[in-house]
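Order of the sequence lines fixes the chain letters, A, B, ..., with proteins taken first and strands second; residue numbering starts at 1 for each chain.
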Amino acid sequence: MISDCPRVRFAPSPTGYLHVGGLRTALYNYLFAKRNNGKFILRIEDTDRARFVEGAVENLISTLKWCGLDYDEGPAKGGEYGPYVQSERLAIYKEKCEELIAQKKAYYCFCTPERLTELRERQQKTTNQSKYDKHCLNLSKEEIADNLAKGLPYVVRLNVEPDVIIAFDDIVRGHVEFNSNTVDDQVLLKSDGYPTYHLANVIDDHMMKITHVIRGEEWLSSTPKHVLLYDFFGWEKPVFAHLPLLLNPDKSKLSKRQGDVAVEDYRTKGFLKEALLNFVALLGWNAGDDKEYFSLQEMVESFSLERVNKSGAVFNVEKLTWLNFEHLRNLPDAEVLQALRDALADSEFKDGVYTDEYLLHVITAMKERVSFIKEYIEKSPYFFKAPESFDADVIKKRWREDTPKHLAKLVENFSALVNPVKEDYEQALHKTAEELEIGNGKLIHTIRLSVSGMGVGPGLYDLLVILGKDEVISRINKAVQTIKIQ
RNA sequence: GGCGUGUUCGUCUAGUGGCUUAGGACGCCGCCCUCUCAAGGCGGAGAUCACGGGUUCAAAUCCCGUACACGCUACCA
């Protein structure tokens, strides 16, 4: 049952950048919230001071914003259940922890890291497990008070009872059970006074009234600890949904070593947010039909957790590239224009002057030939500058001894044209071919080479119209000279 | 090692006992279109549904076992 107003959260740890796996988790949370008229909350899990990265939170927020995943409550925005940054909630965790201690659901532990390491090594030799031995559970009230008074460093541990079956239902996995004997007395509060993920996450999810916990599969194994915590506190549990992992081509968990994992990396490479979101959504979910191209809004309309897969998915950049091509084609020309101007400003053509009208023509001509904005420049540099060299393979294939003579005749006929449109060029070319008694192709390919330096591109007449008569003639003349002397 | 989860074309997936000679998409190959390259259209190759047992008139679909992969096994999240 989905409550009237489901509340879900994306709770990343600010370690520097937004991982694409994190993006998918954020997206599913967002889609679920929007689909069900709920709230999407952002919470920062910065309880590990050792991994604190300067500026990571800001970066996370701006990346989420770039993607268009607006949150309803969270840092820099506020909300009824704040603060939304865990390092600002330390007093809450401490207080709740003490409640647990008073009920013997948790206990102080003064064991040194040395003893813990030694214990673990010993256990590894004798038994198959490595669990804390509850040594400090047996400390007397006096010993504890004494240790505390002495200022001995301590942690607080979860007191897990043996021989209990801990079960929960997961929307994507179904019924899952664990024997408490396999659950360790997890540290809840660290010696630096910060909570661990397990404690903070449960307290915050409860206090922030989170109804559905949608997170990665790596959390499945520690969910029994969370279930125990909810029970110990006497709180109602949220619904769990553990998402399948995103994988490298070799099926291991998606990692930096085998390619790009940061959303920023893909953004830098020129992927559109629309494509990235669409692609990442399909890694583990489908609408139940053959539809593969989605806008964010369309995803919101058809998303459901019930249709999320159980198995991990390989992050396949080729399909992402195809989706980028599809989304780029559907982007309004005005947006493409702006993006192209930005790309131009960052290219060797930054000093060139091009009118909007001109660039819009280029966009129309190249639209179905590019997967990325930058390809407008890479695949058709001739729209921004006359070619300085000519493709040798094309010369070999198309350029003949009498080509200069043919082109001279063509230039003559082109010169006579006044404000030519596509059809004028076409007629002039046909006329020239007739006069020379040669096929149109002989002219077409050599002009293309002359004006673009390449053998591939948009339809020739479109090319000529865009470049303009004077430019075309000047380029042909220059090509004839250049290629002749080679 | 222990615990947990998973396993359908190279990849993403459809499939919830008969409609399946396992469907679609990306990629790949070919043909058509055509001035080139794309786009588009048509077609092709590509999956003994991990393997082995069982249940059933009937299993990719249900049950059991095995294998393999992955995750967790921290005072990291």
Side-chain angles (χ1 to χ4, degrees), chain A residues 11-15 45-51 86 109 111 113 116-117 120 124 127-131 153-157 170 172-174 176-179 181-184 186-198 200-201 215-224 242 244-245 247 249-253 279 282-293 309-323 325 329 365-370 379-380 394 397-398 426 429 439-449 452 454-461 463:
Chain A
S13 148
T15 50
E45 312 235 328
D46 59 343
T47 55
D48 184 1
R49 288 182 307 167
R51 292 213 294 173
Q86 292 187 327
C109 171
C111 290
L116 261 18
T117 309
R120 209 168 295 139
Q124 238 138 43
T127 70
N128 285 326
Q129 291 205 33
S130 88
K131 273 174 64 185
Y154 68 90
V155 299
V156 175
R157 286 181 182 274
D170 186 288
V172 347
R173 316 267 150 194
V176 185
E177 286 187 357
F178 289 82
N179 186 312
N181 294 342
T182 66
V183 180
D184 200 5
Q186 182 66 47
V187 169
L188 262 21
L189 205 62
K190 299 183 263 186
S191 58
D192 62 4
Y194 279 68
T196 55
Y197 170 84
H198 309 286
N201 139 266
R215 72 220 315 185
E217 195 197 329
E218 65 267 32
W219 295 111
L220 193 61
S221 298
S222 39
T223 304
H242 287 95
L245 261 17
L247 274 23
D250 72 352
K251 306 269 187 184
S252 56
K253 187 173 163 181
F279 174 66
L282 259 18
L283 258 22
W285 170 82
N286 72 83
D289 52 29
D290 287 340
K291 190 171 164 66
E292 301 233 56
Y293 178 93
N309 284 157
K310 295 169 171 48
S311 49
V314 174
F315 193 94
N316 178 218
V317 183
E318 284 182 344
K319 188 149 186 178
L320 170 59
T321 300
W322 169 71
L323 276 170
F325 167 70
R329 291 176 82 171
M366 292 299 292
K367 203 157 206 170
E368 61 201 22
R369 288 163 238 266
V370 299
K379 288 193 167 179
S380 55
V394 182
K397 192 171 174 196
R398 312 281 191 192
E426 193 168 356
L429 187 137
N440 295 331
K442 282 232 186 263
L443 258 18
I444 287 170
H445 296 293
T446 49
I447 312 175
R448 173 186 299 287
L449 179 64
S452 76
M454 299 181 177
V456 300
L460 180 73
Y461 306 113
L463 195 52

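For B:rG2, the base has no donor-acceptor partner in the side chain of A:Thr182 [N/O atoms by modelled type, under 3.5 angstrom]. With hydrogens and angles ignored, no donor-acceptor pair closer than 3.5 Å exists between the side chain of A:Lys367 and the base of B:rA38. Scanning atom types as modelled, one donor and one acceptor separated by under 3.5 angstrom connect the side chain of A:Ser191 and the base of B:rC75.
Among the nucleotides B:rC35, B:rU73, B:rA39, the one closest to any side-chain atom of A:Tyr461 is B:rC35. Side-chain proximity of A:Leu460 to the nucleotides B:rA77, B:rG24, B:rC35 is greatest for B:rC35. The side chain of A:Leu220 has B:rG4 as its nearest neighbour among B:rC12, B:rA14, B:rG4. If you check B:rU36, B:rC76, B:rG6 against the side chain of A:His445, the one that comes closest is B:rU36. Side-chain proximity of A:Lys251 to the nucleotides B:rU36, B:rU73, B:rC12 is greatest for B:rC12. Listed candidates were B:rC75, B:rG4, B:rC26. Nearest to the side chain of A:Glu217 is B:rG4. Distances were taken from every side-chain heavy atom of A:Arg398 (C-beta onward) to each of B:rC75, B:rU11, B:rU36; the shortest belongs to B:rU36. Taking the side chain of A:Leu245 as heavy atoms from C-beta on, and the options B:rC70, B:rC12, B:rC35, the nearest nucleotide is B:rC70. Closest to the A:Arg173 side chain, of the nucleotides B:rU5, B:rC37, B:rA74, is B:rU5. Picking from B:rA77, B:rC26, B:rC12 the nucleotide with the shortest atom distance to the side chain of A:Leu283 gives B:rC12.
Across all strands, A:Pro14 comes closer than 4.0 Å to no nucleic acid atom at all (heavy-atom distances). Within the 4.0 angstrom heavy-atom criterion, no nucleotide atom of any strand lies near A:Pro12. Among the atoms of the strands shown, only primed sugar atoms or phosphate atoms (P, OP1, OP2) are found under 4.0 Å from some heavy atom of A:Asn286. Within the nucleic acid shown, A:Glu292 comes within 4.0 Å of at least one base atom, counting heavy atoms only. Among the protein residues, A:Phe315 comes within range of no part of the nucleic acid, since none of its heavy atoms lies under 4.0 Å from any strand. Among the atoms of the strands shown, only primed sugar atoms or phosphate atoms (P, OP1, OP2) are found under 4.0 Å from some heavy atom of A:Ser13. Across all strands shown, A:Val314 has heavy atoms under 4.0 Å from sugar-phosphate atoms exclusively, and none from any base. Heavy atoms of A:Gly441 sit nowhere under 4.0 angstrom from any nucleic acid atom. At a threshold of 4.0 angstrom between heavy atoms, the contacts of A:Asn179 with the nucleic acid are absent. A:Phe325 comes within 4.0 angstrom of the backbone, heavy atoms only, and of no base. Within 4.0 Å (heavy atoms only), A:Gln186 reaches no atom of the nucleic acid at all. Using a 4.0 Å heavy-atom criterion, one finds that A:Thr47 contacts the sugar-phosphate atoms exclusively. In this structure, A:Val176 reaches the sugar-phosphate backbone alone: every heavy-atom distance under 4.0 Å involves primed, P, OP1 or OP2 atoms, never a base. Residue A:Gly216 is out of contact with every strand shown, counting any heavy-atom pair closer than 4.0 Å.
A sub-4.0 Å separation between OP1 or OP2 of B:rC3 and a side-chain N or O of A:Ser222 is absent. Applying the 4.0 Å criterion to OP1 and OP2 of B:rG2, one finds that A:Arg120 has every side-chain N and O outside that range.
With sequence neighbours excluded, no residue forms a salt bridge (charged side-chain N to carboxylate O under 4.0 Å, His left out) with A:Lys190.
Using cut-offs of 30° and 60° for the angle between ring planes, the A:Tyr197 and A:Trp219 rings count as parallel.
With contacts defined as side-chain heavy-atom distances shorter than 4.5 Å, the pair A:Asn201/A:Arg215 qualifies.
B:rA39 and B:rC33 have their C1' atoms separated by 11 Å, with the value rounded to a whole Å. Here the separation of B:rA45 from B:rG27, taken at their C1' atoms, is 13 Å to the nearest Å. Taking atom C1' on both B:rA14 and B:rG30, the two are 27 Å apart, rounded to the nearest angstrom. If you take atom C1' in B:rG1 and the same atom in B:rG10, they sit 34 Å apart, rounded to whole Å. For the C1' atoms, the distance linking B:rC72 with B:rG54 amounts to 33 Å, nearest Å. For the C1' atoms, the distance from B:rA69 to B:rU36 is 47 Å, rounded to whole Å. Here, B:rA25 and B:rA47 have their C1' atoms 15 Å apart, quoted to the whole Å. Using atom C1' as the reference point in both B:rC28 and B:rC35, the two lie 27 Å apart (nearest Å).
Just one of A:Lys367, A:Met366, A:Glu368 meets the side-chain contact (heavy atoms from CB on, under 4.5 Å) condition when paired with A:Pro458; it is A:Met366.
Annotation: of the two residues near RNA chain B, A:Arg329 and A:Leu282, the 5′-most nearest-nucleotide partner is A:Leu282.
For the pair A:Lys310 and A:Glu217, the salt-bridge criterion is not met [side-chain N within less than 4.0 Å of a carboxylate O].
Checking A:Ser252 against A:Asp250 by side-chain atom types alone, a donor-acceptor pair falls below 3.5 Å.
The number of heavy atoms from other shown groups lying within 6.0 Å of NZ (A:Lys397) does not exceed 12.
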